[in-house]
Amino acid sequence: MEILGAASIAQVHRATLLDGRVVAVKLQRPNVEPKLLGDVANLKRISKALSKSLPVDYYTVFCELGDALTSELNFLAEAQAMRKIDLAISHDNDGQLTDRPLTIPLPVGELVSQRVLVMDFVEGVPLNKLQETMIEKGIEPGSPEAKLAGLRILDSLSLAFGRMIFGAGFIHGDPHPYVFNSETAGLLFNYGYRRPHTLALPRPQRVKLAELVLAVADYQGFGEEESQRKVEAKELLAKWVREFGVTVVEQHKDDVNLWCSVALFLFGDSDQILPGGYSSNELDDNSPIKSVTSFPQELVLLGRATVLLKGIAKRLEVPFSLADKWSPGCALTMDAAAEPSLPLWGQDVEAVMASGPDVESKVRFHQVTSILSKWGKGKRSRLVERVVKRLPPKLKAQVLEAELRRQERKERAMKDNARNSR
């Protein structure tokens with residue numbers, strides 16, 4: 001076996017099975033459990049003692065991490081989480097089977113135990129090294145080619161997170177996204193922290209979150225001009241944040257601007273101006289987070305997802321609106337809320353993966369056209385990639401700029417349609 005990496009909990013090796021498959025093997029370090037439990041206990045004591053000096057309620061964060069350790073150290077639970085995430089991202093928010101925006105390395109079922117996990121091996125580049133890799137390939141930061149790759153990456157990640165949160169209600173607490181195909185910006189999730197028992201959001205919470213995100217998108221749609229409708233949108237945002245269980249310091253409990261700023265801090269655009277003079281910089285004295293005394297644990301995890309997506313957008317210099325990206329999926333969640341259904345992993349797996357408008361022996365015409373349409377899109381995409389790669393540099397830049405403008409027009413049209421439909 002070839003060692004690929006090592007961390008505090010486990011080492012990962014590359015290996016080849018007897019049938020020729022190349023796999024990744026995760027081996028847990030001996031006696032790691034008591035050490036980690038002790039470390040987290042110390043962090044909880046320190047964060048509680050220094051709670052008034054810290055910008056965020058880190059005690060809640062460390063409580064969540066401490067509670068998660070049992071599952072973190074159980075690779076059987078990790079293997080189960082991998083399959084759940086794969087089911088979550090392969091279904092839309094209304095439960096309909098659809099294309100995966102990401103690739104999930106899956107466990108080799110018969111080769112998993114509590115301290116050993118054998119899974120698919122897929123090579124990739126960590127997102128924090130993506131710019132460096134692009135430069136090595138001759139793609140300059142800020143160029144049309146880099147921005148197009150960034151848009152594809154953000155589209156894939158935001159769609160996957162949206163399906164996990166608002167569809168299946170099963171959230172990956174700390175994914176490590178990798179780009180494994182630089183030509184098509186394919187992505188995969190590597191597995192870090194996860195806790196299946198507390199990351200599951202029941203339907204009422206998913207619906208509340210969907211309403212909150214839609215309210216953020218509405219508020220941002222009014223722009224900077226203050227109007228009666230914008231004031232009403234601000235009050236609605238404040239209402240949803242209160243109902244989610246966020247608490248603030250006593251002197252600001254009636255400050256609508258503060259409650260609204262907390263929602264915008266979590267789900268708003270990075271350049272969104274917060275009302276009441278609040279700052280979007282969490283370390284600033286005027287940050288709304290400074291006035292928050294406690295967050296529900298599910299919002300802590302959602303905050304990690306939003307920070308990841310906004311950070312990638314900033315690093316790749318790509319305009320990005322999380323609320324606008326999630327709004328269509330949130331609308332699906334609202335539409336499907338009245339229809340009871342089993343969780344995806346509570347259904348028969350083979351039936352779920354084979355599900356469609358009609359699973360009888362007859363093949364319907366619209367199923368054939370759908371398959372041909374997807375094949376055609378893939379063929380066109382591959383043809384464009386091959387042609388563009390062979391163009392002279394000047395012409396290649398012009399083609400990429402045109403494609404970038406087309407993508408931006410498409411994004412604006414989708415944003416306008418989403419707002420007009422609400």
Side-chain angles (χ1 to χ4, degrees), residues 47-48 51-52 54-61 63-64 161-162 165-166 169 171 198-222 226-270 272-282 284-307 310 321-324 326-327 329-331 333-334 337-338 422:
S47 60
K48 192 169 187 179
S51 59
K52 293 182 179 179
L54 297 172
V56 177
D57 180 14
Y58 285 110
Y59 179 74
T60 301
V61 175
C63 283
E64 174 67 21
F161 271 115
I165 295 165
F166 304 104
I171 308 170
T198 57
L199 295 186
L201 288 173
R203 178 174 292 192
Q205 283 183 308
R206 299 202 299 273
V207 172
K208 276 187 181 180
L209 276 172
E211 289 173 318
L212 177 57
V213 170
L214 290 171
V216 167
D218 279 340
Y219 178 88
Q220 293 186 150
F222 293 117
E226 198 73 20
S227 64
Q228 182 58 36
R229 289 184 65 194
K230 188 173 181 179
V231 170
E232 292 171 359
K234 184 193 299 183
E235 291 172 350
L236 183 61
L237 273 180
K239 170 181 174 286
W240 287 124
V241 174
R242 284 193 188 98
E243 289 188 1
F244 232 96
V246 177
T247 60
V248 301
V249 294
E250 185 67 22
Q251 61 266 37
H252 292 312
K253 67 177 185 179
D254 296 322
D255 185 355
V256 174
N257 287 326
L258 172 62
W259 293 104
C260 178
S261 293
V262 170
L264 294 171
F265 180 86
L266 286 172
F267 301 111
D269 297 353
S270 299
Q272 173 66 42
I273 298 174
L274 304 187
Y278 287 101
S279 170
S280 57
N281 181 353
E282 69 176 82
D284 193 288
D285 288 338
N286 291 326
S287 168
I289 301 303
K290 289 276 183 94
S291 298
V292 173
T293 54
S294 68
F295 265 113
Q297 291 181 345
E298 57 268 23
L299 281 188
V300 172
L301 292 167
L302 292 178
R304 295 175 76 167
T306 61
V307 166
K310 291 179 183 179
S321 174
L322 184 61
D324 287 331
W326 279 352
S327 288
C330 288
T333 300
M334 301 291 293
R422 292 197 291 273

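Note: hydrogens, waters and symmetry copies are ignored here, and every other heavy atom, side chains too, is used.
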Item to complete: I would like to know whether M334 and V207 meet side-chain contact (heavy atoms from CB on, under 4.5 Å); could you show each step before the answer?
Response: CA-CA 6 Å; M334 301 291 293; V207 172; 3.8 Å; yes
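- A distance of 9.5 Å separates CD of Q272 from OG of S280, quoted to the nearest 0.5 Å.
- Residue L201 comes nearest to I165 through the heavy atom pair CD1-O, 4.0 Å, listed as atom of the first residue, atom of the second, then distance.
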Practice prompt. List the steps and the verdict of side-chain contact (heavy atoms from CB on, under 4.5 Å) for V213 and F166.
Written response: CA-CA 10 Å; V213 170; F166 304 104; 3.7 Å; yes
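- The main-chain N or O of D269 is found under 3.5 Å from a side-chain atom of Q220 such that the two form a donor-acceptor pair.
- Under the side chain to side chain contact (heavy atoms under 4.5 Å, CB included) test applied with P275, the options L258, L264, V256 reduce to a single match, L264.
- Between L214 and S327, the shortest heavy-atom distance links the atoms CD2-O, 3.7 Å.
- Y219 OH to L237 CG: the interatomic distance, rounded to the nearest 0.5 Å, is 8.0 Å.
- Under the salt bridge (Lys or Arg N to Asp or Glu O under 4.0 Å) criterion, the residue pairs touching residues 253-266 are E250-K253, with sequence neighbours excluded.
- We find the CZ-OG distance between F267 and S321 to be 12.5 Å, quoted to the nearest 0.5 Å.
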Practice prompt. Verify side-chain contact (heavy atoms from CB on, under 4.5 Å) between T247 and V292, making sure each step is shown before the conclusion.
Written response: CA-CA 6 Å; T247 60; V292 173; 5.7 Å; no
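- Here OH of Y58 is found 13.0 Å from OG of S51. Values are rounded to the nearest 0.5 Å.
- Between the CH2 atom of W326 and the OG1 atom of T333 there is a distance of 11.0 Å, given to the nearest 0.5 Å.
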Indicate every side-chain donor-acceptor pair of residues 228-235 with a distance under 3.5 Å to a residue at least two apart or in another chain.
from	atom 1	to	atom 2	distance (Å)
K230	NZ	G223	O	2.5
K234	NZ	N257	OD1	3.0

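- Interatomic distance, F244 CZ to L266 CG, rounded to the nearest 0.5 Å: 10.0 Å.
- Taking the side chain as every heavy atom from C-beta outward, L274 and P288 approach each other to under 4.5 Å.
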Worksheet entry | Working for side-chain contact (heavy atoms from CB on, under 4.5 Å), residues K239 and W259 | CA-CA 8 Å; K239 170 181 174 286; W259 293 104; over 6 Å; no
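- Side-chain contact check for S287 and S279: no donor-acceptor pair (N or O, by modelled atom type) lies under 3.5 Å.
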